[in-house]
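Structure record follows, encoded as structure tokens.
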Amino acid sequence: MGPDDRDPEGDAADPAVPDAGWSEGWPSEHDEDVYLGEEAVVPPGEYTHIPSRPHRNDDVELRELERRVESQRTPVYPIDARRKRAPASLEALWEGWRKLAMSGRADVVDDFGRDPRTTARWEPLLELLYTRWFRCHTTGLEHVPAHGPALLVANHAGTLPYDSAMIVHAVRRDHPARRDVRPLIEDAIFHLPWLGPLVNRIGGVRACPENAERLLQRGELVAVFPEGVKGMGKLWRERYRLQRFGRGGFVKLALRSRAPLIPVAVVGAEEAVPMLGKVTWFARSVGLPYVPITPTFPWLGPAGLLPLPSRWSLRFGPPIDLAAQYGPEAADDRLLVNRLADQVRAQLQQMVDEALAARGSAYR
Amino acid sequence: MTQAAPRQRRIRPARGRVAAITGACTYLGTELCKRLDEDPRYDKIVVLDVRPPSLPAAAQSKLVFFNVDLTQPTVDDDLAVLLDREGVDTVVHGAFLSHPTHAQEWAHELEDVGTMHVLNACAEVATPRVVMVSTTLVYGAHPANPNFLPESAELRGHRDSRFINDKVRAEKQALRFARDNPGSRVAILRFAPILGPTVSNMFTRFLSRPVAPVMMGHDPLMQFVHELDAAWALQLAVDGDAEGPFNIVGKGVLPYTTVLAMMGRVPMPVPYLAARQLFKALWATQVVRSPPSLLDFLLYLCVADGERARRELGFAPRLSIKRTIYDFLGLRPEDDATDVAQATG
């Protein structure tokens, strides 16, 4: 309502443009000043339904028709008339800067913020970690469905989410369908400066029930770490002892969305970042759950956060189809949810123990 | 409301409707005036504002202008008389500021108390249809926000932003009004930041500068709605009978730094705490026109889910975020432009 509320140039100059009216016909595609954008695809069949003379007194039908046409119409702008032109040299500089700034990032990201170009750029590093550094040995990928939703339930370790990165990379690299796994990331990591946005750009999603439900509805593979921060913050002496599985949120999720659970045992993450101790009194003030003490961190500075070259083993277990045994209403039965969560935990603990015994030496 | 209470609902006629618009000088108000003026179902458009909207004479054949200042203490009486006399059956309340202002007392009178006046008048004459304009800022940027906020999400606002909290209070009044007056069908449209070639608001102003602050290490996803999609959604809401709050959002999201890169703006990384202190000082000395609370929206996510509007209002955005940005810049999209459908499909 202030005097500066509307752009003075854009206002009176061209009032009828945004609503040129579909009945006046489409502008010619060869017209220099207008363009039909990428959405201007009206299926040809759509026009055949439009009667040339709408029923006279049938308001409802007319409105429906208008609505349909309106929803298909892409507005047309005489762009050049509106553009405030800068001197040519500045324009060129601006164009150059735009190109430079857009390099390495895509102009389209998916609903949860994964940038395909950034993902592709980080792929070689993940491949290096997967094959050379951690020498991952992956088994049981045939249990991951080629399409449709599924919930990968994995144990959690390591200060930084190397384990989710390896699960994502294993499925993308070795599964015949090359599916993308969307790992759910705890707030502690997701809101970390620099790391959080990076994790988000390469596919991580903030862990909350709404996000997980939406992803499963879209038929995606979702990796959850029910231990959460408790699992990440395990000390060396508790390694490979699975912590409490939250409040069983992942079981509720599986019951509601009818997606199968696939247990994933990750062995090696504990040795990659062996946590000797953690400091909590100082961490709270900077918004972290704890500051880890490892053989290299904080002694070597940020470089100390690089993982040690432990030998990894990923085991995908046979799917647990809760939907076959229980209806969606079972998600409200708290005792049942807790019991199921504990069953899954026990099964995963057993898988971890087996994989640990089969792996042998940790670093060789 | 119990079923026993008879719901007295004045049904709007299919033709010969009379709409009243507050805040007709805002982008959405002017655009709605234009659209309703062409619509044969509306006989009269009552414009309530402190100045008439700047429209060509051809586009205001049905417009009747009344000088109404919502900050006056007894304006609700006058409004009720006016609505009754003109036979208004549709009230569109859009008198909200699109820029934050240093005159915070006045803004509070206009947005919060002004909404009270309008709703009082609507209750008095039992207006069958009330549509209110709001923004998705009322959800607030919060670390615990899910990626897509549904309409049922809590309206967190901001702990010390009067600009946002006035809008939250106005919304809460409207929700209460809807509960207490079952005879009125109330729709609240929460618009994502509106961008486009003609609209002018705090977001277009912010993004028009060559340099834009970036909270160091943070890069939340952003969402916009094209001005034409926004105007179309408002028109759909005024025409229809859908009730309750609706998120009006565009197609697709982009990270904040990618938005800046597409626009060719120079990102200036600032640590959040330093930026907050700096903007506090600049705001207090009235050097900048944006309060420091808006920096939170560069830190955390505030993206809304438009599913309900698609289902119940029939509004599905036609223009992608990329196209919205290109239109805002006045650029043609490149021929090989990728669209959202390709990325998510």
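Within every chain, numbering begins at 1; the chains are lettered A, B, ... in the order of the sequence lines, protein sequences first and strands thereafter.
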Which one of Gly196(A), Ala101(A), Gly96(A) has the most heavy-atom pairs closer than 4.5 Å to chain B? Ala101(A)
Go through the atoms of [X] and report whether side chain, backbone, both or neither lie under 4.5 Å from a heavy atom of chain A.
X	result
Ala58(B)	neither
Tyr300(B)	side chain
Asp305(B)	side chain
Thr101(B)	neither
Val303(B)	neither
Met216(B)	both

May I ask you to check whether Glu227(B) and Thr198(B) show a side-chain donor-acceptor distance below 3.5 Å?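 Judged by distance alone, the side chains do pair up.
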State whether a side-chain donor-acceptor pair under 3.5 Å links Tyr272(B) with Asp296(B).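 Tyr272(B) vs Asp296(B): donor-acceptor pair found between side chains.
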Side chain to side chain contact (heavy atoms under 4.5 Å, CB included) partner of Arg114(A), the single match among Val205(A), Asp180(A), Ile202(A):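 The residue from Val205(A), Asp180(A), Ile202(A) that satisfies side chain to side chain contact (heavy atoms under 4.5 Å, CB included) with Arg114(A) turns out to be Asp180(A).
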Under the salt bridge (charged side-chain N to carboxylate O under 4.0 Å, His left out) criterion, do Asp69(B) and Arg51(B) qualify, and how do the steps go? CA-CA 9 Å; Asp69(B) 185 356; Arg51(B) 65 190 162 96; over 6 Å; no
Kindly confirm or rule out a cation-pi arrangement of [X] over [Y], judged by NZ or CZ under 6.0 Å from the six-membered ring centre and within 45° of its axis?
X	Y	result
Arg265(B)	Trp97(A)	no
Arg214(A)	Phe148(B)	yes
Arg98(A)	Tyr326(B)	yes

Under 4.5 Å heavy-atom distance to chain B, tell me which part of Leu100(A) shows up: side chain, backbone, both or neither.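 For Leu100(A), there is no contact with chain B at all, as no heavy atom is under 4.5 Å.
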Given a strict heavy-atom distance threshold of 4.5 Å, which part of Ala106(A) is in contact with chain B: side chain, backbone, both, or neither?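 Backbone only.
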